[in-house]
Amino acid sequence: MPYDPAHSEKRWQEAWEKAGSFRAVRDERPKYYVLEMFPYPSGRIHMGHVRNYTMGDVVARYKRAQGFSVLHPMGWDAFGMPAENAAMEQGGHPRDWTYGNIATMRDQLKPLGLSIDWSREFATCDDDYVAQQQALFLDFLDAGLIYRKNAVVNWDPVDMTVLANEQVIDGKGWRSNAPVERRELTQWFFRISNYSEELLEALETLKGWPEKVRLMQANWIGRSRGLQFRFDTVNAPDGFDRIEVYTTRPDTLMGASFVALSPDHPLAKALEAGDARLDAFAAEARKIGTSEEALEKAEKVGIDTGIRVRHPLDPNWELPVWIANFVLMDYGTGAIFGSPAHDQRDHDFARRYGLPIRATFGKPGMTEAEADAFVADEPYVPLKSETVTYVRGFSGKRDQTGEAAVDAAIQHAATQGYGEGVTKFRLRDWGISRQRYWGCPIPVVHCESCGTVPEAKQNLPVLLPRDVSFDVPGNPLDRHPTWRQATCPKCGGQARRETDTMDTFVDSSWYYARFTAPHAATPTLREDADYWMNVDQYIGGIEHAILHLLYSRFFARAMVKTGHLPETAKEPFDALFTQGMVTHEIYVDRPKGAPVFGTGLAADQELAESKPYRPTYYLPEEVERRENGVFLRATGEQLDVIPSAKMSKSKKNVVDPVNIVQSFGADTARWFMLSDSPPERDVEWTAAGAEAAAKFLSRVHRLAEDKGAGDREDADLMRAAHRAIDEVTRAIEGFAFNKAVAKLYELANAVSKSSASGEPRRAVLRIMAALMGPMVPHLAEDVWALAGGEGLLVDAPWPKADPALLVSNEVTLPIQINGKRRGEITVPADMAQAEVEQAVLADETVQRFLNGQPPRKLIVVPGRIVNVVA
RNA sequence: GCGGGCGUGGCGGAAUGGUAGACGCAUGGGACUUAAACUCCCUGGGGCUGAAGCCCGUGCGGGUUCGAGUCCCGCCGCCCGCACCA
């Protein structure tokens with residue numbers, strides 16, 4: 001019977017279902033919790049999902065075979081803006097859209113044959129999850145982890161709504177195209193900054209995390225040691241006698257040439273009120289929006305306020321105070337001093353406005369004049385660990401490192417009393433207020449007599465009203481006729497419900513904990529959390545390296561503090577793996593010579609500007625590849641091919657997993673997603689690759705059916721099988737699935753070539769089935785059954801390699817002469833080094849190169865290589 | 001702009017500082033077939049060469065080392081994140 005994935009995949013999935021194979025149970029076995037980042041229910045699954053969940057499934061099935069009790073759950077990150085956007089654009093309700101998408105995607109996911117415990121499934125928009133999240137919120141509030149303060153948002157004056165950063169394009173609202181305004185609102189914050197130090201220090205303990213992610217988080221938290229000090233003002237309005245400044249380079253104080261304020265600095269605001277010129281500047285600066293990226297990319301501009309401050313080291317020295325668009329109110333004190341000689345941005349700013357550029361230090365040995373000349377055109381920014389010569393120093397040695405100079409400057413300020421050393425963190429508190437409908441309501445009421453009052457726990461959940469519409473601008477919760485009316489839990493009087501909902505990052509910050517007891521009446525159950533936490537292996541995209549993972553680390557600590565998780569779970573993810581994207585070429589129709597939008601490939605910029613052109617993109621299934629290019633099937637028209645990019649609907653370079661599963665089977669999709677590309681790198685989906693995967697799988701099926709006559713042994717094949725056990729096991733342990741695949745190709749090739757038959761051959765096939773099981777579980781069950789395996793493969797233990805079959809008694813050493821490979825020598829594996837050296841020197845090629853001379857050096861790396869230096 | 005990462009044949013990629021190109025795809029040749037498809041075997045970085053062999057080759061330019069794809073310095077290109085996308 002030929003390989004028939006459609007039939008056998010269904011059969012085995014039913015068998016696993018019937019046996020309850022993937023139900024996670026607490027028992028005597030050691031536990032293993034593997035989790036892939038749960039999906040947003042956007043509408044359909046895509047290849048990225050297939051890749052992500054296949055990787056997790058390999059780990060889950062492998063650990064299961066290793067004898068672990070495995071928890072491998074699935075859920076839905078279901079709140080968020082796309083549901084509201086859909087409601088606005090197509091009508092309907094966000095709830096219906098979301099649950100409809102979940103149903104579709106669940107149906108698409110199940111045929112992949114993932115070893116998921118579906119009984120634990122939930123969506124973050126479920127009433128139950130909302131209830132438990134609100135309970136957590138109240139506990140956090142009680143524990144002093146939540147507070148309110150003012151913060152700026154992007155306000156769209158036409159749509160009357162707050163915009164997300166991605167909805168602000170060139171300072172304008174994405175729908176209305178109206179210039180955005182920065183508006184201050186009172187919002188809810190989580191005190192993540194309480195944990196700055198701890199979140200930073202604990203990164204050291206996360207041995208199972210990629211170094212790059214730990215580095216990114218460390219930089220994001222951004223601990224810095226600097227000087228906080230005051231400039232006395234000369235002619236400022238009342239109440240602004242001084243300006244607080246924080247700097248990490250106090251050693252450059254003698255090179256200061258200006259002070260710059262954020263447009264949101266209190267002094268800046270006070271000045272703007274009475275000065276049309278400053279007001280206009282600030283208004284312009286605010287149009288950039290609130291995103292740090294936009295601020296940093298914008299041209300650095302400023303305006304002189306006319307105010308002056310005295311230099312702390314010289315009361316006769318006055319510096320101008322500017323308002324500058326690049327100074328952030330959220331970081332430090334909202335005011336900086338500029339030291340143009342040693343900072344690129346300050347340098348640009350000083351040159352633009354003709355401010356002085358005075359070197360504080362120069363290269364070792366430079367004089368003051370030389371150092372000044374050196375920084376006139378370009379700033380001098382050496383590493384802090386480098387020794388430089390201070391030409392305008394005021395503390396410490398003349399020649400010292402930046403680090404030493406900073407310490408000396410702080411010391412100087414503390415002694416003289418004009419400032420103090422301060423450790424600051426870049427990490428800001430986490431603003432969770434969203435002025436939107438489709439999110440978890442913040443369970444708080446505003447009472448006229450009692451103020452802001454948390455909702456009583458017995459009144460939870462506070463659910464969203466269902467009768468809302470999205471046809472008018474603004475937040476539906478704000479304009480709902482009755483939903484806002486509430487009773488104050490404290491005094492029983494009339495109160496107004498909070499209409500802000502929570503950031504969806506809150507939902508995803510504890511779902512991993514909820515999976516341990518998904519139906520409990522409290523956020524977690526102690527026994528289940530104790531047993532299942534932590535997540536042993538977490539898998540997801542690198543794009544979550546900072547925010548999601550940092551918020552989750554904070555949340556776990558907050559849950560420990562409020563008694564919802566054991567102390568041992570404060571770092572919830574023991575190991576993390578970040579996988580790459582699935583990409584595909586892009587097919588686009590365009591006039592010859594015209595550039596392509598948004599690809600960076602514009603060949604002819606002039607044409608791009610003179611003839612704007614909207615390209616039409618085509619799906620991979622709409623095109624046909626011929627020898628001389630790619631053509632549209634329907635019309636025969638030639639199309640352009642743009643190199644691979646992340647699959648996206650707008651570029652139409654998407655391959656629907658549903659089609660692939662229908663035509664090739666789930667195992668082919670899984671196998672291809674694991675082949676070739678290393679998991680952490682992007683993988684390009686190609687039709688040829690998918691076909692190759694399908695061909696290989698049917699070849700394996702044929703190998704299993706071809707039994708051969710008699711019972712012929714083949715020692716070489718058995719050795720190959722045991723080598724495969726060793727190599728595949730190590731590859732899976734090391735998350736190198738592409739290498740595991742390569743080793744299985746080698747084993748299949750060995751089986752093909754072998755003359756083994758009968759039971760000796762079947763024994764090898766059973767090993768192959770077991771090794772392939774985590775990757776292509778359905779085919780592996782077929783092979784297992786054909787090769788006489790007992791019961792379901794999914795219940796079989798992982799094979800063990802026999803060490804005796806892994807060693808060989810001879811070893812071939814390459815011989816290098818002066819670093820170039822010139823030959824090789826085969827010697828017994830246990831030959832003494834001196835004997836190896838003798839043998840090498842006796843080698844014909846070596847003698848030819850040595851030409852009778854003794855070697856200058858002879859390096860023997862045992863078991864690896866020999867290098868003769870002539 | 002700032003922070004992080006990546007770059008190896010025609011293509012995806014392999015290589016504890018130790019034989020660069022495992023394994024797969026494409027290509028070319030052959031077998032099977034009336035023919036094709038399927039399948040199987042061989043070939044498979046570039047150059048010189050009949051062959052043995054030699055030279056070049058891991059984005060670019062330097063450096064460390066007996067030995068560098070791997071480590072260090074400086075560039076170029078692409079990707080991810082930048083706090084209200086998820």
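On a predicted model such as this, the values are computed, not experimentally measured, just so you know. Letters go in sequence order (proteins before strands), and every chain restarts at 1.
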(request) Can you run down the salt bridge (Lys or Arg N to Asp or Glu O under 4.0 Å) pairs that involve residues 681-698 of chain A, sequence neighbours left out, and say none if there aren't any? (result)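 Residue pairs with at least one partner in residues 681-698 of chain A: there are none.
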(message) Check this one for me: any side-chain N or O of A/N738 less than 4.0 Å away from OP1 or OP2 of B/G13?
(response)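 Answer is no, no contact under 4.0 Å.
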(request) Tell me whether the OP1 or OP2 atom of B/G13 has a side-chain N or O from A/S677 closer than 4.0 Å. (result)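 For B/G13, OP1/OP2 do have a side-chain N/O of A/S677 under 4.0 Å.
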Calculate the interatomic distance between [X] atom [atom1] and [N] atom [atom2]; express it in whole Å.
X      : N     : atom1 : atom2 : value
A/K820 : B/G18 : NZ    : P     : 19 Å
A/N101 : B/A86 : CG    : C1'   : 14 Å
A/L549 : B/A86 : CG    : P     : 16 Å

(request) Using a 3.5 Å limit on both pairing distances, list the dot-bracket string of RNA chain B from the 5' end; Watson-Crick and G-U wobble pairs count, crossing pairs take [ ], interstrand pairs take |. (result) (((((((..(((.....[....)))..((((.......))))..((((....))))..(((((..]....))))))))))))....
(request) By nearest nucleotide on RNA chain B, pick out whichever of A/F79 and A/P678 is the more 5' one. (result) A/P678
Return the polar atom pairs (N/O with N/O) between nucleotides 80-83 of chain B and the protein under 3.5 Å, or none.
from, atom 1, to, atom 2, distance (Å)
B/C82, N4, A/E293, OE2, 2.6
B/A83, OP2, A/E292, N, 2.9
B/A83, O5', A/N165, ND2, 3.4
B/A83, O2', A/R428, NH2, 3.4
B/A83, N6, A/R426, O, 3.1
B/A83, N1, A/R428, N, 3.0

(message) In terms of relative ring orientation, are A/F672 and A/W685 parallel, tilted or perpendicular, with 30° and 60° separating the classes?
(response)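 Perpendicular.
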(request) Measure centre to centre between the rings of A/F349 and A/F326, then say whether the value is under 6.0 Å. (result) yes
(message) For A/F696 together with A/W671, are the ring centres under 6.0 Å from each other?
(response)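 Aromatic pair counts; centres sit under 6.0 Å.
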(message) From C-beta outward on A/A688, which listed nucleotide comes closest to its side chain: B/C54, B/C84, B/C25?
(response)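 Out of B/C54, B/C84, B/C25, the nucleotide with an atom closest to A/A688's side chain is B/C25.
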(request) Ignoring the backbone of A/I865, work out which of B/A86, B/U19, B/G5 is nearest its side chain. (result)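 Of the options given, the side chain of A/I865 lies nearest B/U19.
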(message) Measuring only the C1' atom in each nucleotide, how far is B/C60 from B/C76? A whole number of Å is fine.
(response)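 Roughly 7 Å separates the two C1' atoms.
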(message) If you take any heavy atom closer than 4.0 Å to RNA chain B, which residues from residues 37-49 of chain A end up in contact?
(response) A/Y40
(message) Short of 4.0 Å, heavy atom to strand atom, which residues of residues 498-505 of chain A count as contacting RNA chain B?
(response)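 Those residues are A/T504, A/F505.
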Can you tabulate the close N/O pairs, meaning under 3.5 Å, that link protein atoms to atoms of nucleotides 66-70 of chain B?
from, atom 1, to, atom 2, distance (Å)
B/C66, O2', A/N867, ND2, 3.3
B/C66, O2, A/N867, ND2, 2.5

